[in-house]
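One structure below.
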Amino acid sequence: MIILGIETSCDETAASIVVDGSEILSSVVSSQVDVHYKYGGIVPELASRKHIEDIVPIVKEAVTKAGINFKHIDALAVTQGPGLIGSLIVGLSFAKSFAYTLGIPWIGINHLEGHINSVFLESNPPKFPFVSLLASGGHTGIYYVKYHTDIELMGQTRDDAAGEAFDKVSKVLGLGYPGGIEIDRLAKKGDPAKIVFPRTYLDKSDFDFSFSGIKTAVNRYIQTHGDEYKDQIPDIIAGFQESVVDVLSYKVLNAAMEKRCDQISIVGGVAANSRLRERVIKDAETKGIKVHIPSIDLCGDNAAMIAATGYHYLKNGKASDISDDVYSKMTAS
Ligand code: KG4
Ligand code: ZN
């Protein structure tokens, strides 16, 4: 089954052609960073307008790169939520009219399920059931994955998402937006043990997170150290990153042990973080747990993961209806 995936939930316009939920023929992602950069964050109205400009050329590019034409497409999968309403509407409206014109089925996909299914686009994917840590700019949670479309939430952040903490700390230190990549790069020049920030485990036996305290702790450090902090930026960042990574690694491995799973995955934009990847793999090894992490391109928002998820619904006969609408908030399953 050849599926065209479409993703417009946030600040990336993406389209992809995926065969049978696992083979990527093309994956095109157009980032809007240039549009939002000068505002230090995403401006929803500008995001929707940019999606409108980009959606048609991006879909055309994905189809051309895949070496197919429109009549080869069997079905469409599109992000239905959660995300920015105006941005989601662009993708969903496009998908509805495109599917209607071609006379093919379409399915609305939960963006978080999309991230969780991104590991199935890599070779040697995990076997069910497994535990997944999803850490992105909008969400951070731990899930028990019984099947592609049967996912149970074990715990999630009570305030900021992990990626949001990276972005806010980056902003306060004047390192720009989005912050994750820059923090990852600069942290390599710092000493993570020099400035130690608090770790918020909440209840150590559950799987909820809180990242607003660490952001406040970094803010307080800056305020109490005058201009002196400017020479310590790599150490501040390395200390901050280590605190976030410690908590994420601890909780996902504990969740795997509670569910007696010997496989975990880490997905979402923050899964691109080099220290998180290194730490989880090292910690998991001591417990005999195998870690699955998608390649960097599949960690951030993309449409291949939406097409891959769509396949598992469509092959079981599920499809969306012309009256289906977008939703801004919801966790996976
Ligand atoms: O999954 P994603 O592309 O979009 C959402 O669904 O939110 O995640 C974006 C988030 C941003 O907060 C960004 O700063 C973070 O992922 N991110 C990183 C890295 N690359 C992206 N965070 C830490 N280290 C990175 N290398
Ligand atoms: Zn995402």
Side-chain angles (χ1 to χ4, degrees), residues 5-14 16 27 29-33 36-37 40-42 44 47 78-84 87-88 91 109-119 132-141 143 156-157 160-173 175-188 190 192 209 211 214-215 237-238 240-245 247-249 265-280 293-306 308-309 328-332:
I6 293 170
E7 153 65 41
T8 64
S9 68
C10 196
D11 60 343
E12 269 102 13
T13 314
S16 169
S27 178
V29 180
S30 169
S31 164
Q32 299 184 354
V33 167
H36 305 289
Y37 186 82
I42 299 165
V78 59
T79 305
Q80 193 173 357
L84 302 170
S87 295
L88 289 163
I109 297 297
N110 177 317
H111 181 81
L112 310 183
E113 283 191 11
H115 274 301
I116 291 166
N117 275 290
S118 61
V119 272
S132 184
L133 166 67
L134 161 57
S136 70
H139 301 88
T140 295
Y143 299 86
Q156 62 183 329
T157 184
D160 292 349
E164 196 177 347
F166 274 89
D167 294 337
K168 286 179 175 168
V169 164
S170 172
K171 194 170 180 180
V172 96
L173 291 170
L175 303 175
Y177 156 86
I181 296 177
E182 191 54 15
I183 288 188
D184 193 347
R185 194 184 63 81
L186 263 182
K188 294 195 173 90
F209 298 99
F211 293 109
I214 173 82
K215 169 199 69 191
I237 279 171
F240 155 76
Q241 180 177 266
E242 203 63 15
S243 156
V244 173
V245 164
V247 176
L248 291 174
S249 181
S265 71
I266 316 173
V267 296
V270 180
N273 184 269
S274 55
R275 181 66 184 141
L276 178 66
R277 296 167 87 99
E278 173 185 81
R279 250 310 279 288
V280 176
I293 315 175
S295 58
I296 304 280
D297 286 352
L298 291 172
C299 288
D301 287 347
N302 66 86
M305 67 186 194
I306 303 301
T309 311
S328 63
K329 287 195 173 75
M330 189 172 126
T331 53

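Counting convention: from 1, in listed order, for ligands and their atoms alike.
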Ligand 1 to Gly138, heavy atom cutoff 4.0 Å, flagged ligand atoms 7 (O)
Taking the side chain as C-beta and beyond, is there a heavy-atom pair between Asn302 and Asp297 under 4.5 Å? no
Ligand 1 N/O within reach of Glu12 N/O, cut-off under 3.5 Å = no
Ranking Gly300, Ser274, Gly269, Cys10 by closest non-hydrogen atom to atom 19 (C) of ligand 1, top hit is Gly269
among protein heavy atoms, the one nearest atom 3 (O) of ligand 1 is Asp301 N, 3.1 Å
Numbered in order shown, the ligand 1 atoms found under 4.0 Å of a heavy atom of His111 are 6 (O)
Taking every heavy atom of Ala187 against every heavy atom of Ala238, the minimum-distance pair comes out as O-CB, 3.7 Å
Nearest non-hydrogen contact to atom 11 (C) of ligand 1 from the set Asp184, Asp167, Val244 belongs to Asp167
Margin query: Please check this pair: side chain of Thr140 against backbone of Ala162, looking for a donor-acceptor N/O pair closer than 3.5 Å.
Written below: yes
Exercise. Heavy atom of His115 under 4.0 Å from ligand 1?
Worked result: yes
With heavy atoms and a 4.0 Å threshold, my read on which part of His139 contacts ligand 1 is neither
How about CD1 on Ile181, more than 12 heavy atoms from neighbouring residues, nucleotides or ligands closer than 6.0 Å, or not?
no
Protein-derived N, O or S atoms lying less than 2.8 Å from the Zn ion (ligand 2), waters not counted, sum to 3
Indicate yes or no for a side-chain donor-acceptor contact from Asp184 to the backbone of Gly180 under 3.5 Å, with no hydrogens or angles considered. no
_Run Ser30 and Thr13 through side chain to side chain donor-acceptor pair (under 3.5 Å) and show every step you take._
CA-CA 5 Å; Ser30 169; Thr13 314; 5.1 Å; no
The protein heavy atom nearest to atom 18 (C) of ligand 1 is Gly180 CA, 3.4 Å
Identify whether the distance between the nearest side-chain nitrogen and carboxylate oxygen of Glu164 and Lys215 falls below 4.0 Å. no
The atoms of ligand 1 lying under 4.0 Å from a heavy atom of Gly163, numbered in the order shown, are 12 (O)
*asked:* Using side chain to side chain contact (heavy atoms under 4.5 Å, CB included), reason through Ile266 and Arg277 one step at a time and then give a plain yes or no.
replied: CA-CA 8 Å; Ile266 316 173; Arg277 296 167 87 99; 5.8 Å; no
When distances are taken from atom 24 (N) of ligand 1, the protein heavy atom at minimum range is Asn273 ND2, 3.0 Å
Sorted by chain and number, sequence neighbours left out, side chain to side chain contact (heavy atoms under 4.5 Å, CB included) with Ala14 holds for Glu7, Val29, Ala303
Does ligand 1 come near enough to Gly137 that some N or O of the ligand is less than 3.5 Å from an N or O of the residue? yes
Exercise for review: Using atom types as modelled and distance alone, determine if a side-chain donor or acceptor of Thr79 lies under 3.5 Å from a backbone N or O of Thr8.
Suggested key: no
What one should report as the nearest heavy-atom pair of Pro82 and Ser328 is CB-O, 2.9 Å
Which of Gln241, Glu182, Lys171 passes side chain to side chain contact (heavy atoms under 4.5 Å, CB included) with Phe166? It is Gln241
